Each structure stands twice: as structure tokens, then as C-alpha cells.
Amino acid sequence: MMISLSRHIALSASSSAHGRRFSPLPITRNAAQKNGINLSKFQPLSPQKPVCISAAVGTLGASEPRKTLIETRAYEASDRPLDISVDLPGEQAAQKIKIGIYFATWWALNVVFNIYNKKVLNAFPYPWLTSTLSLAAGSLMMLVSWATRVAETPKVDLEFWKMLLPVAVAHTIGHVAATVSMSKVAVSFTHIIKSGEPAFSVLVARLLLGQTFPLPVYLSLLPIIGGCALSAVTELDFNIIGFMGAMISNLAFVFRNIFSKKGMNGKSVSGMNYYACLSMLSLLILTPFAMAMEGPQVWAAGWQQAVSQIGPNFVWWVVAQSVFYHLYNQVSYMSLDQISPLTFSIGNTMKRISVIVSSIIIFHTPVQPVNALGAAIAILGTFLYSQAKQ
């Protein structure tokens, strides 16, 4: 019950050595005049609302130790009920199961995407078109979902798209840069370097936004930077383009997160629809650049060569990597609606571990012990960062 403060009434009473006499309630006009109280300045309390009365007793002065002041305050209950939500044990268990399903689905879809994406890039080394197809597939899937009412159509306006534009630019750059990286180096190496994203986040927030962090946050960056550097130095198939692509992707996704927090403040769009709108706007941004960087003629020649070498399975690989890219990102944004940023960052760290391990197993990537140690140190630093950030 919410209690609002109304006007208070001060009552005086005299005390003797044998006891105290208090003015009764309600106060009569004669009693008010006798005690020097002006009732005209007080508003009557509503008889339809419950009243709480509290009293404080204090001595008037040292010269009159037997006289005390009784201060009585009356409070009317507010008409507005207090909004209290209580999670029952059964609901808490159901929520944990729901989050667990989100995480398992997110990790599984991400692993599948990375596998098929690498297969496509090995046979068809055109990351700009591959990135475009990923966004196009997701956009088409969501348009069909809205048209068939499988998903609720978001209510957005022009202001929403203006706020989303810088997010989409950063998302496009990060997506293409990561794809370029995976076209040049092993999937495991790309994700090891991408585990250094927290270092970029702190750097950008400190230099550009003027934010300061506790000492444990800065200390957690040491294993991240050291682990990534150790893995890069000991990488057998090191490629400067692949390394820089992963680094640019880290920086772009940091800006995407910053713009997303600013632009989406107060917007009531679900995680699924938010990412759908982001994909569509990114597709519009990326398409002309992809055509300029590679072009339809290069795509046609590369496509024919890939189909002749792989066969019809290549088409399935392209469809799979495009669809699973959208699905894993969509589930990750849906997870953000259900969990805290700390839980999400921990889940993202565990996702990278699953991707690194699975890609090494499936593609038989040679890994030196020192290289594996660097990866473990970097991932551990990422986990420590997520803990220290709180």
C-alpha cells in the first residue's frame, strides 16, 4: 500500500508525576481552541480512505520538564495501488528453462553458421556477396513473417529509422569485416581475435566518451590483449588481411553497441523485430558497395566454378549460411529481452568457445599448444571483464 503525506496536526498534552493525559481523537473545536490549534488551515481527511497515525513525543524545554509535545501525523492512503510483481518458484524455474533454451539455440545456430560460412568462403572467396546474401535472406524471412502474421509487424516511424541508421552502418562494417577475416584465416583464429572486443569497448568509451572504469576492468584487459597477441604470433596460417578484418569488426561492433544504446532509448520494439529492421537497413547500405567491390561478372564466374567443383551441395551451403546467420542473430537479440547484459556477455564468451572448438574439430585446424594457451587466456580475460564490469 502506498502512503502519501497529508497535513499534520500538533497536539499538546500535560504530564504529571503520576501519568500523562492526551487529547482524544477526533479533536473538538473547544479542545482545539484550548490547545491553541487553528483548524481552518487543515483539510478534512476523506472518510473513505484508511488513515495511519504516527506520534512523536519530545520535551518542550528544561524549564518545564513535565510538559511534553505529542505530534500526531495523519496520512491518507493513495488511490493508486502499488505495482508489485512477485515471481513464484514455478515461474522462476520456467524462466531459467526458457533462458537455457535461448542459449542452447543461440550457440547451436552460431556454430552451424560458422561451419557453412567457412565452407562457402573456401569454395567461393567473395565475402562481400556472401555478406549481402546473409542480410537478404534474413530480410526476406521477416517480410514473409510479417505478411503472413507469423510475427507481429513493428510500429516504427521515420524517427526510428533515423536513430537506427548509425547502428546499421556500424553493423554492416562489422559484418563484412568479420566475413573478410574468415575468408582469409581459420574460423578459430577470427573468433580468438574477436574475443578482444572488450578492450576496444573500454578504449572507445574512455577516449571518445570520457567514461572511467574501476581498476579491475582495466586489469581484465591485460589477459585479453596478451592472449590475442600470443595467438596471433603463433598462428600457423597468419594473414594480415584476416587479422585486420577481425580487428575492424571488433571496433565496428563496439560503435554499434554505443549507437544502439543511444538510438533505442525508450523505443518499444521487440528484439526480433529490432534485428529485422537492422538487417533490412544494412542490406540497403551494403548492396551498392558489394557490387562496386566485386560485381555481378565476378560473382557469376565464381559461382559457376564453385558449382562445378562442389556440385549442387554448394547451393545448399549458401542457403544454410544465409539462413543460419539471421537465425542466430535473431535469437541473440531475443535473448537480450530476457536476460541482463552480464548474463548475455557470459553467454557470448561461451559461444566463442563452442565455435572455436567445433571449427578446429570439423576443419582439422592445426593448433600449436602455445596458440591454444593464448586463446584460453584471451577468453578467460573476456570472462573476467564481464565480471569486473559489474
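Just so it is clear, the values below take in all heavy atoms, side chains as well, and ignore hydrogens, waters and symmetry mates. Model, not experiment: these values are computed from the prediction.
Here CD1 of I353 is found 13.5 Å from OG of S188. Values are rounded to the nearest 0.5 Å. Put simply, CG on N122 and CE on M182 are 11.0 Å apart, with the number rounded to the nearest 0.5 Å. To the nearest 0.5 angstrom, L373 atom CG is 8.5 Å from T234 atom OG1. Atom CG of N273 is separated from atom CG of L278 by 12.0 Å, given to the nearest 0.5 angstrom. L164 CG to L281 CG: the interatomic distance, rounded to the nearest 0.5 Å, is 5.5 Å. In this structure, CD1 on I377 lies 12.0 Å from OG1 on T382, to the nearest 0.5 angstrom.
With hydrogens and angles ignored, the 3.5 Å screen pairs no side-chain donor or acceptor of S201 with any backbone N or O of E197. Panel note: side chain T153, backbone R149; no donor-acceptor pair is recorded below 3.5 Å. Between the side chain of S282 and the main chain of S279, no donor-acceptor pair closer than 3.5 Å is present. For the pair N329 (side chain) and Y325 (backbone), a donor-acceptor distance under 3.5 Å is present. Judged by distance alone, with hydrogens and angles left aside, the side-chain atoms of N250 form a donor-acceptor pair with the main-chain N or O of I193 at under 3.5 Å. Between the Q321 side chain and the V120 main chain, no donor and acceptor come within less than 3.5 Å of each other. A donor-acceptor pair under 3.5 Å is absent between the side-chain atoms of S249 and the main chain of G245, judged by distance alone. A donor-acceptor contact shorter than 3.5 Å is absent between the side chain of N239 and the backbone of V185. Looking only at distances, no side-chain donor or acceptor of T287 sits under 3.5 Å from a matching main-chain atom of L284. The backbone N or O of N110 sits less than 3.5 Å from a side-chain atom of N114, completing a donor-acceptor pair.
For the residue pair A375 and I192, the shortest heavy atom distance occurs at CB-CD1, 3.4 Å. Closest of all the heavy-atom pairs between I248 and A177 is CG2-CB, 3.9 Å. The minimum heavy-atom distance linking G174 with F253 is given by the pair C-CZ, 3.5 Å. Shortest non-hydrogen contact noted between C228 and S195 is SG-OG, 3.9 Å. Smallest separation of non-hydrogen atoms from G242 and S181: O-OG, 2.6 Å. Of all heavy-atom pairs between K351 and W107, the closest is CB-CD1, 3.3 Å.
In this structure, the side-chain contact (heavy atoms from CB on, under 4.5 Å) partners of A290, at least two apart in sequence or on a different chain, are W128, T132, W299. Remark: T365 pairs with no residue by the side chain to side chain donor-acceptor pair (under 3.5 Å) rule, at least two apart or across chains.
Taking 4.5 Å as the limit, every side-chain heavy atom of L165 sits out of range of all side-chain heavy atoms of W161. Y126 is not listed as a side-chain neighbour of L121, based on a closest heavy-atom distance of 4.5 Å or more. Contact of the I224 side chain with the L384 side chain is not registered, since no non-hydrogen atoms from C-beta on lie closer than 4.5 Å. Using a 4.5 Å cut-off on side-chain heavy atoms (C-beta onward), L327 and W106 make no contact. With a 4.5 Å cut-off on side-chain heavy atoms, Y274 and M272 do not count as touching. Between Q211 and R206, every side-chain heavy-atom pair lies at or beyond the 4.5 Å cut-off. Side-chain contact between P216 and Q387: absent, with no pair of heavy atoms (C-beta onward) separated by less than 4.5 Å. Contact check for P125 versus S183: no side-chain heavy atoms found under the 4.5 Å cut-off.
In terms of hydrophobic clustering, with Ile, Leu, Val, Met, Phe, Trp and Tyr side chains grouped at heavy-atom distances under 4.5 Å, L208 and V254 are assigned to a common cluster. Note on F238 and V367: same hydrophobic cluster, where clusters join Ile, Leu, Val, Met, Phe, Trp and Tyr whose side-chain heavy atoms are under 4.5 Å apart, directly or indirectly. Criterion: ILVMFWY side-chain heavy atoms under 4.5 Å apart, direct or through other members. Under it, L109 and I361 are part of a common hydrophobic cluster. I101 and V111 fall into different hydrophobic clusters, where Ile, Leu, Val, Met, Phe, Trp and Tyr residues are linked whenever their side-chain heavy atoms come under 4.5 Å apart, directly or through other members. In this structure, V323 is a member of the same hydrophobic cluster as L143, with clusters built from ILVMFWY side-chain heavy atoms closer than 4.5 Å.
Heavy atoms from other residues, nucleotides or ligands lying under 6.0 Å from CD of Q309 number more than 12. Surrounding CZ of F289 are at most 12 heavy atoms belonging to other residues, nucleotides or ligands under 6.0 Å away. Atom CD of E152 sits in a sparse spot, with 12 or fewer heavy atoms from other residues, nucleotides or ligands closer than 6.0 Å.
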Check the pair S134, H175 against side chain to side chain contact (heavy atoms under 4.5 Å, CB included), reporting the backbone distance first and the verdict last.
CA-CA 10 Å; S134 301; H175 175 41; 3.8 Å; yes

I would like to know whether F259 and M163 meet side chain to side chain contact (heavy atoms under 4.5 Å, CB included); could you show each step before the answer?
CA-CA 8 Å; F259 293 143; M163 292 181 176; over 6 Å; no

Verify side-chain hydrogen bond (donor to acceptor under 3.5 Å, both in side chains) between T179 and S131, making sure each step is shown before the conclusion.
CA-CA 7 Å; T179 309; S131 302; 3.1 Å; yes

Would E235 and Q368 count as a side chain to side chain contact (heavy atoms under 4.5 Å, CB included) if you check the C-alpha gap in whole Å, the side-chain angles of each, and the deciding distance to 0.1 Å?
CA-CA 8 Å; E235 175 65 25; Q368 293 182 338; over 6 Å; no

Chi angles and distances behind the side chain to side chain contact (heavy atoms under 4.5 Å, CB included) call for I379, I356:
CA-CA 11 Å; I379 293 172; I356 292 172; 3.8 Å; yes

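In this pair, W316 and Y116 present their aromatic rings perpendicular. The plane angle is above 60°, beyond the 30 to 60° band. Between H171 and Y275, the ring planes lie perpendicular to each other; the angle is over 60°, past the 30° to 60° tilted range. W303 and F124 have perpendicular rings, their planes meeting at more than 60° on a 0 to 90° scale where under 30° would count as parallel.
For K118 and S359, the side-chain atoms include no donor-acceptor pair closer than 3.5 Å.
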